[in-house]
Amino acid sequence: MVDILTDKRGWKDFPVEAVVLGVFEPKPDAMLNEINKLLEGAVEHIIKKKEFTGEFGQVRLIHTLKKLACEHILLVGLGKRDEFGLEQLRRVSGIVARTLRDNGIPRFATTLHNTITKKATLREQARAVAEGSILGAYQFTKYKTLNREKIKELKSVILLEAEKAAEEGAQAGKVIADAQCFVRDVVNEPASSRTPARLAEIALELRKLGIKVNVYDKAGIEKLGLNGLLAVSRGSAVEPRFIVLEYKKGAGHPVAIIGKGITFDSGGLDIKLPQFMEDMKSDVAGAAAVIGIMRAVAGLGLNAGVVGIIAATENMPGGNAYKPGDIIRAYNGKTIEVGNTDAEGRIILSDAIAYAEKNYKPKCIVDIATLTGACVVALGYAAAGLMCRDAALANRLRLAGEASGELVWELPMFEDYKDYIRSEVADVRNIPGNKGYEAGAIAGAWFLQNFVEKTPFAHIDIAGPAWSIERKNYWEKGATGFGVRLLVEFLRSVR
Ligand code: BES
Ligand code: ZN
Ligand code: ZN
C-alpha cells in the first residue's frame, strides 16, 4: 500500500528521491530556465533542442547530481492550461507514479496539487493526486513467483506546501483509491479461487469497519425465495451466496446499491465463444464495487445510510443448469421466461432489487452491473451506461461522474423499449423477443425496471469501463475498480 504524506515545506530544499514538477504547454521555458539555473546548466540541452514541450503526459527524469536536496527531478507535461482539470490531474499523477516506480524510485514529493488555478479547490486537487498516484502504481503480482525481487513498488508520495485542506483531501483520496485497488484485486482474482462463498468471506471482513454483514447460503436463499438467483446457480458445482451489507450514520431511509456478482460467466447452456469467455471473471465487477464502496463509505465516515446488496453465483452449463424456455418465479412473484441463459445478470439482479425495495424502503435504488456487451458497443470503455426514469436521480449520478472522473452517459428509457422484453408465456422475457439483441443495454434496463414498484431506480451498466484492455493513465490492464469513485461521490450528494 502506498502512503500518502503531506509536508509544509517547498520542493527546493526537500530531501527526497524525486521531486515532481508539472509544466504546461506550449511554453515550458520559465520552469525549465529556473531548473537550469539551479542545476548549473544541466538541462541546457533540453531547452535548446526543445526536448520537453509540456505535452500532456510527457515525462523526463533528470538527475540533480547533488546540486539540490532531491536526487531527481521528474518533469511531467500537463498539456494546455485551459484543458487541465481534475481528471487530467488524476491521470498525470498516475503516469508519474508508474514512471517513478518503474525507474526504481519508491518515494517522491510533488506539488501537482497546486496546479489548477481556477475551477478546483486545493482539497479536490490533493484528493485527485492521491487517487491518481495510488491507482497508477497498482499492480496485480500475487501469482508471479519468478524474480519477485525484481518487482518494483511505490512506497510513498509526499504532497509539498500542504496546508490542512490538502492534507484532508489527500487522506480522503487515499481511502477511496485504496478501496478501488481492493476492488481491482477482487476482480483480477481467478474465478476458481474467488467463488461466491469466498466473495462472501471478503464481504464479512468489513465487519471490522463497523459494517453489518449478513450472508445467506443456498438454504437461506431458498428460504428467502430468491428463485432467480437459484435458477442461474443450478448449472454450477458451487453454491450461490446472497450478501447484505449495512452502513448507517444519521437518520433517514438508506440508499440501496446493488451489485451483479457473477463470479464467472460461461454463458450457461447458451455458452459463450472462447474469445468472449476469457475475461468473464470480470462479471463480478459490480459486486466487487459494492464491497469497495461500503469500505470507502465507512473509511470516510460518510454521513449517510447505505445498504449494499450482492447476488453472487457462477453461470455454468452443468447437468442441472437452467435452460432456455424455462420459466422462473422471481422473488416478487413475477414470472421470467428464459430466452437466453447468457442474459443471467438481470435475472439475479431482479431478485436483489425487489428484495431491497421490500425490506429497506430505500430512498432510491442504484444497481451496478457488467450487464451487456451491447453497452460496450454503444459507449466503449470511456463511460458507463446510465438508464434511469427519474430525472433528478439521473442528474445526480451524471454530476457525480463528472466530479469523480468515472463518467456515465445516459441511454433513453422510452416507453417503446418496454415492449422489447414482452413474453408470450410469462410476465417478462430476459432477452428481446425479436432479434434478441436490439437496444440490448436498454432492454436489460427495462427488464430490471419491472422489479421496482415505486422507488426511484437507476441502472448503471459498467460492462465497458470495468475492465481495461490497456495500461494507460491510472489504469493497469485488467480490472479498473470502476464505480467506487462514482458512487462514493453520489452518496456524498444524497440528502
Ligand atoms: N456478462 C455479460 C455482459 C458482458 C459482455 C460484460 C462483455 C462484459 C463484457 C452478460 O451476462 C451477457 O452475456 N450478456 C449478453 C446478453 C444477451 C444474451 C442478450 C450479451 O451482452 O451478449
Ligand atoms: Zn451472460
Ligand atoms: Zn454476465
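When a residue number appears, it is its place in the shown sequence, counting from 1. Any value given below was found using the heavy atoms of this structure, including those in side chains, with hydrogens, waters and symmetry copies removed.
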- Query: Any Lys/Arg nitrogen of Lys152 or Asp102 sitting under 4.0 Å from an Asp/Glu carboxylate oxygen of the other?
  - Reply: no
- Query: Any ion pair linking Lys361 and Glu453 (charged N to carboxylate O, less than 4.0 Å)?
  - Reply: no
- Could you list the residues that satisfy side-chain contact (heavy atoms from CB on, under 4.5 Å) with Ser192, not counting sequence neighbours? none
- Item | Side-chain ion pair, Glu489 and Arg485, N-O less than 4.0 Å | no
- Message: Going by side-chain contact (heavy atoms from CB on, under 4.5 Å), name the residues that satisfy it together with Arg123, two or more places apart in sequence or in a different chain.
- Response: Thr121, Ala165, Glu168
- For residues Gln88 and Leu78, determine if any side-chain heavy atom of one lies less than 4.5 Å from a side-chain heavy atom of the other. no
- May I ask you to decide if the ring planes of Phe447 and Phe451 are parallel, tilted or perpendicular, using 30° and 60° as cut-offs? tilted
- Message: With a 4.0 Å cut-off on N to O distance, would you call Glu246 and Lys248 a salt bridge?
- Response: no
- Is any NZ, NE, NH1 or NH2 atom of the basic residue among Asp3 and Lys155 found under 4.0 Å from an Asp or Glu carboxylate oxygen of the other? no
- Task: May I have all residue pairs that pass side chain to side chain donor-acceptor pair (under 3.5 Å) and include part of residues 200-216, sequence neighbours excluded?
- Result: Arg198-Glu201
- Message: Using a 6.0 Å cut-off, check whether atom NZ of Lys472 has over 12 heavy atoms from anything other than its own residue.
- Response: no
- Compare all side-chain heavy atoms of Leu61 with those of Ile105 and state whether any distance is below 4.5 angstrom. yes
- Query: Considering only heavy atoms from C-beta outward, does the side chain of Trp467 approach that of Lys281 to under 4.5 Å?
  - Reply: yes
- Task: Kindly determine whether Glu161 and Thr111 satisfy side-chain hydrogen bond (donor to acceptor under 3.5 Å, both in side chains), including the steps that lead there.
- Result: CA-CA 7 Å; Glu161 300 164 14; Thr111 54; 5.5 Å; no
- Query: Going through the checks in order, is the side-chain hydrogen bond (donor to acceptor under 3.5 Å, both in side chains) test met by Tyr143 and Asn188?
  - Reply: CA-CA 11 Å; Tyr143 290 99; Asn188 283 330; over 6 Å; no
- Query: Can you name the residues that form a side chain to side chain donor-acceptor pair (under 3.5 Å) with Asp7, not counting sequence neighbours?
  - Reply: Arg9
- Message: Tell me which pairs pass salt bridge (charged side-chain N to carboxylate O under 4.0 Å, His left out) where either residue lies in residues 378-392, with sequence neighbours left out.
- Response: Arg389-Glu415
- Query: Hey, what do you get for CG (Asn450) to OG (Ser350), rounding to the nearest 0.5 Å?
  - Reply: 9.5 Å
- Message: Tell me which pairs pass side chain to side chain donor-acceptor pair (under 3.5 Å) where either residue lies in residues 250-260, with sequence neighbours left out.
- Response: Lys260-Asp283, Lys260-Glu344
- Message: Quick one, Val307 and Leu245 - any side-chain contact, counting heavy atoms below 4.5 Å?
- Response: no
- Query: Angle class for the Tyr355/Phe242 ring planes (parallel below 30°, perpendicular above 60°, tilted otherwise)?
  - Reply: perpendicular
- Message: Side chains of Leu487 and Ile368, heavy atoms from C-beta outward: is any pair under 4.5 Å?
- Response: yes
- So do the side chains of Lys477 and Ser468 get within less than 4.5 Å of each other, counting heavy atoms only? no
- Cation over ring face, Arg184 and Phe140, 6.0 Å, 45°: no
- Are any of the side-chain heavy atoms of Ile134 and Ile176 separated by less than 4.5 Å? no
- Side-chain heavy atoms of Gln58 within contact of Val76, under 4.5 Å: no
- Task: Find the distance between CD (Glu470) and CH2 (Trp475) and round it off to the nearest 0.5 Å.
- Result: 8.0 Å
- Step by step, work out the salt bridge (Lys or Arg N to Asp or Glu O under 4.0 Å) result for Arg91 and Glu87. CA-CA 6 Å; Arg91 292 181 181 195; Glu87 175 61 7; 2.8 Å; yes
- Atom of Arg346, atom of Asn430 and distance for their closest heavy-atom approach: NH1-O, 2.8 Å
